[in-house]
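Here is the structure we will look at.
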2 protein chains.
Amino acid sequence: MNKENSCPLNYTMNLIGTKWKPLILFHLLEGDLRSGVLQKKIPGISNKMFTQTVRELEKDGLVFRTVFPVVPPKVEYGLSKRGESLEDILRSLDTWGLNDCQD
Amino acid sequence: MNKENSCPLNYTMNLIGTKWKPLILFHLLEGDLRSGVLQKKIPGISNKMFTQTVRELEKDGLVFRTVFPVVPPKVEYGLSKRGESLEDILRSLDTWGLNDCQD
DNA sequence: GCAATAACTTACTAAAAAGTAATATAGTTA
DNA sequence: TAACTATATTACTTTTTAGTAAGTTATTGC
């Protein structure tokens with residue numbers, strides 16, 4: 001079981017190579033969103049997975065999380081500089097899917 | 001549980017959004033490779049996962065598989081046209097990782 | 001003073017992914 | 001004739017991922 005990365009691609013995949021992470025990052029490209037609004041943009045994600053995934057993205061410094069101390073709670077998510085640097089990749093993945101599924 | 005794709009990115013992720021698929025496709029960018037050679041380029045992948053993954057890629061038309069009827073067996077894998085169309089994305093993912101991990 | 005609210009959090013269960021190790025194949029070479 | 005080879009395949013177990021449903025919070029509006 002070799003855990004080292006064989007190439008930078010491996011490193012990238014360890015960061016964002018999951019089912020939900022690219023989707024969440026993609027929707028944040030249009031701007032910061034409240035937790036509930038962002039979650040509604042991702043059909044099929046469960047409450048648990050949503051929280052878990054954004055928290056991992058936050059831990060990895062790809063998104064930031066702003067908590068407004070009000071009741072009921074208000075939380076906003078947005079892309080960090082590091083997250084924004086994925087923009088081209090995220091849009092390429094989306095465009096590729098768009099073209100490919102038309103064939 | 002909504003299973004429909006919310007955007008083309010979702011479609012793309014369903015095709016290649018796993019731990020090993022992008023890695024395998026990436027190594028095939030340099031040209032066709034024998035099964036064993038390709039597998040050795042992917043540290044940490046088990047025998048089972050390797051076979052399983054290339055077979056899925058084949059099923060999805062991203063790679064082709066050529067079997068030479070010799071003993072011991074010889075099998076070559078290569079990118080299909082559809083697989084090749086992922087080149088920019090794969091290289092972007094690799095380059096992103098390269099730049100990011102230097103910070 | 002009680003329900004409604006948004007954003008979790010937790011405990012528990014179920015499902016999916018991955019690892020391990022044994023087995024198959026059949027010509028070639030020692 | 002027995003071992004060696006490359007490429008799987010299979011059965012089984014472990015690990016990881018994900019889903020479900022209930023509970024928490026503290027203020028506001030009724």
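We name chains A, B, ... by the order of the sequence lines, and we start the count at 1 in each one.
For B:K19, there are no salt bridge (charged side-chain N to carboxylate O under 4.0 Å, His left out) partners at least two apart in sequence or on another chain. For B:V71, there are no side-chain contact (heavy atoms from CB on, under 4.5 Å) partners at least two apart in sequence or on another chain. By the side-chain contact (heavy atoms from CB on, under 4.5 Å) test, B:S85 pairs with A:W96, sequence neighbours left out. The salt bridge (charged side-chain N to carboxylate O under 4.0 Å, His left out) search around A:R91 returns A:E30, A:E87, not counting sequence neighbours.
The distance from atom CD of A:E56 to atom C1' of D:dT17 is 10 Å, rounded to the nearest whole Å. Here the C1' atom of nucleotide D:dT9 and the CD atom of B:Q52 are 11 Å apart, to the nearest Å. Between B:M49 atom CE and D:dT14 atom P the separation is 19 Å, expressed in whole Å. Remark: P of C:dA17 and NZ of B:K19 are 13 Å apart, rounded to the nearest angstrom. Rounding to whole angstrom units, CD of residue B:Q39 and C1' of C:dG19 are separated by 13 Å. Protein atom CD1 of A:I45 is 14 Å distant from nucleotide atom P of D:dT17, rounded to whole Å.
Between A:K21 and A:E56 a salt bridge is recorded (basic side-chain N to carboxylate O distance below 4.0 Å).
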Report each atom pair, protein N/O against N/O of nucleotides 5-13 of chain C, whose distance is under 3.5 angstrom.
{"from": "C:dA6", "atom 1": "O3'", "to": "A:R34", "atom 2": "NH2", "distance (Å)": "3.0"}
{"from": "C:dA6", "atom 1": "O3'", "to": "A:P73", "atom 2": "O", "distance (Å)": "3.1"}
{"from": "C:dA7", "atom 1": "OP1", "to": "A:R34", "atom 2": "NE", "distance (Å)": "3.1"}
{"from": "C:dA7", "atom 1": "OP1", "to": "A:R34", "atom 2": "NH2", "distance (Å)": "3.2"}
{"from": "C:dA7", "atom 1": "OP2", "to": "A:G36", "atom 2": "N", "distance (Å)": "3.0"}
{"from": "C:dC8", "atom 1": "OP1", "to": "A:R55", "atom 2": "NH2", "distance (Å)": "3.2"}
{"from": "C:dC8", "atom 1": "OP1", "to": "A:R65", "atom 2": "NE", "distance (Å)": "3.4"}
{"from": "C:dC8", "atom 1": "OP1", "to": "A:R65", "atom 2": "NH2", "distance (Å)": "2.5"}
{"from": "C:dC8", "atom 1": "OP2", "to": "A:S35", "atom 2": "OG", "distance (Å)": "2.9"}
{"from": "C:dC8", "atom 1": "OP2", "to": "A:Y77", "atom 2": "OH", "distance (Å)": "3.0"}
{"from": "C:dT9", "atom 1": "OP2", "to": "A:R55", "atom 2": "NH1", "distance (Å)": "3.4"}
{"from": "C:dT9", "atom 1": "OP2", "to": "A:R55", "atom 2": "NH2", "distance (Å)": "3.3"}
{"from": "C:dT9", "atom 1": "O4", "to": "A:N47", "atom 2": "OD1", "distance (Å)": "3.4"}

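Cluster partners of B:V70, using a side-chain heavy-atom cutoff of under 4.5 Å among ILVMFWY residues and allowing indirect links, are B:F68.
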